[in-house]
Chemist: 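Sharing a structure here in structure tokens format.
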Amino acid sequence: MKRGWMCALIWLVLAVPGMAAAQAGGEQGDARGLAEAIVIDVDGAIGPATSAYVERAIDEAQDRGARLLVLRMDTPGGLDTSMRAIVKAITSSYVPVVCYVAPSGARAASAGTYILYACHVAAMAPGTNLGAATPVELGGLPSGTPEKSQPKDAAEDAPSDESAPKSSGDAKKDKLVNDAVAYIRSLAQMRGRNAEWAEEAVREAASLPAEDAVRLGVADLVAPDLDALLAMIDGRVVKTASGEVVLDTDGLVLVEIAPDWHSRLLSIISNPNIA
């Protein structure tokens, strides 16, 4: 009799953890079956680590069958090559990508403005801003020789062409700026956003607060938090690399993906300010 009770006790000790593990596994399986929105933080200067992080997140979102990827952004800008790599990844993504400039006090300056223009949905939290997208080289804009002053009568007689691109007298700077203008205008046309203001952001380093960005057709909406953002974009139609997609954001499970140690280390050593 005692032996029977002992066997029963041993069976319970062995079986209960297995049952709990099976139940936990079932719950995880149910969670994996729920529709997901991947969320990543693009925080700080844009560099090679940032582009690798965003590209990995897009790949994972596509592999998991996520309905949405949210780039929660707060950046002063960064490297042109890394920004363009991120833009290419976004424009070739089958999963809709939302740029969300947040939290309040955050910004999408310089390279961040191009990324916002490239995303399928552009959202901002209250108290955020974007712009100042004039391209610069490390150490500042390329310097050139000052323009030689013309004699007064020659300057008055010289014909003017209002439609001609503005020239600074520095060929290298003009090349950088004109290329950046063409690039951001193409992104604006792709997403149906304000191309004229985008050019001002490049040529004149113009900036906008969130509410004005929406009013001028630069951003799509102002949302105080992620839950409000998902509610506001539900049913919106966007065009991804696979065609038009109707956003179904009701009840999405938010899954945050943090950068791994390799990305964090690369972020430190490749920071444009440190370079």
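Since this is a predicted model, take the numbers as computed values, not measurements.
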Chemist: Hey, are the side chains of Ile86 and Val42 touching, using non-hydrogen atoms and a 4.5 Å cut-off?
Modeler: no
Chemist: Using only atom types and a distance under 3.5 Å, with no angle test, would you say the side chain of Thr128 pairs donor to acceptor with the backbone of Ser104?
Modeler: no
Chemist: If you round to the nearest 0.5 Å, how far is CD of Gln189 from CD1 of Ile184?
Modeler: 11.5 Å
Chemist: Could you tell me whether the side chain of Arg191 and the main chain of Lys239 form a donor-acceptor pair under 3.5 Å?
Modeler: yes
Chemist: Once rounded to the nearest 0.5 Å, what's the spacing between atom CZ of Arg64 and atom CD1 of Ile38?
Modeler: 4.5 Å
Chemist: Would you call Arg84-Asp80 a salt bridge at under 4.0 Å N-O?
Modeler: yes
Chemist: Supply the atom-to-atom distance Cys119 SG to Met73 CE, rounded to the nearest 0.5 angstrom.
Modeler: 6.0 Å
Chemist: How long is the span from the OG1 atom in Thr50 to the CG atom in Asp41, to the nearest 0.5 Å?
Modeler: 11.5 Å
Chemist: Hey, are the side chains of Asp234 and Asp248 touching, using non-hydrogen atoms and a 4.5 Å cut-off?
Modeler: yes
Chemist: Which heavy atom of Gly131 sits nearest a heavy atom of Ala201, and at what distance?
Modeler: CA-CB, 4.5 Å
Chemist: Donor-acceptor pair, Tyr100 side chain versus Val39 backbone, under 3.5 Å?
Modeler: no
Chemist: Between Arg193 and Ala118, what is the shortest heavy-atom contact and its length?
Modeler: NH1-N, 4.5 Å
Chemist: Just by distance, do the side chain of Thr134 and the backbone of Val202 share a donor-acceptor pair under 3.5 Å?
Modeler: yes
Chemist: Test of understanding: clusters of I, L, V, M, F, W, Y form through side-chain heavy atoms closer than 4.5 Å, transitively. Do Leu130 and Val87 belong to the same one?
Modeler: yes
Chemist: Does Ala108 offer a backbone N or O that forms a donor-acceptor pair with the side chain of Thr113 under 3.5 Å?
Modeler: yes
Chemist: Is any side-chain heavy atom of Pro135 closer than 4.5 Å to one of Val177?
Modeler: yes
Chemist: Answer yes when Arg72 and Asp43 have at least one side-chain N-carboxylate O distance shorter than 4.0 Å, and no when they do not.
Modeler: no
Chemist: Decide yes or no for Ser93 and Leu69: does some side-chain heavy atom of the first lie under 4.5 Å from some side-chain heavy atom of the second?
Modeler: no
Chemist: So which atom in Ala180 and which in Tyr114 form the shortest heavy-atom distance, rounded to 0.1 Å?
Modeler: CB-OH, 3.3 Å
Chemist: Is a side-chain N or O of Glu244 found less than 3.5 angstrom from the main chain of Val237, in a donor-acceptor match?
Modeler: no
Chemist: If every non-hydrogen atom of Arg236 is compared with every non-hydrogen atom of Val121, which pair is closest and at what distance?
Modeler: CD-CG2, 3.9 Å
Chemist: Got a donor-acceptor contact below 3.5 angstrom from the Ser51 side chain to the Ser82 backbone?
Modeler: no
Chemist: Using a 4.5 Å cut-off on heavy atoms from C-beta on, say whether the side chain of Leu116 contacts that of Leu71.
Modeler: no
Chemist: Donor-acceptor pair, Tyr117 side chain versus Arg185 backbone, under 3.5 Å?
Modeler: no
Chemist: Can you name the nearest heavy-atom pair linking Val95 to Arg67, along with the distance?
Modeler: CG1-C, 4.0 Å
Chemist: Any salt bridge between Glu211 and Arg215, counting N to O under 4.0 Å?
Modeler: no
Chemist: Minimum heavy-atom separation for Ile58 to Ile90, with atom names?
Modeler: CD1-N, 3.9 Å
Chemist: Is the shortest side-chain N to carboxylate O distance from Asp59 to Arg56 below 4.0 Å?
Modeler: no
Chemist: From Met124 CE over to Leu208 CG, what is the distance, rounded to the nearest 0.5 angstrom?
Modeler: 8.0 Å
Chemist: Side-chain contact test, heavy atoms from C-beta onward, threshold under 4.5 Å: evaluate it for Arg203 versus Asn178 and give yes or no.
Modeler: yes
Chemist: For the side chain of Asp220 and the backbone of Ala122, is there at least one donor-acceptor N/O pair under 3.5 Å apart?
Modeler: yes
Chemist: Strictly distance-based, threshold 3.5 Å: is any side-chain N or O of Asp74 a donor or acceptor partner for the main-chain N or O of Arg107?
Modeler: yes
Chemist: Taking C-beta and beyond as the side chain, do Val54 and Ile115 meet within less than 4.5 Å on heavy atoms?
Modeler: no
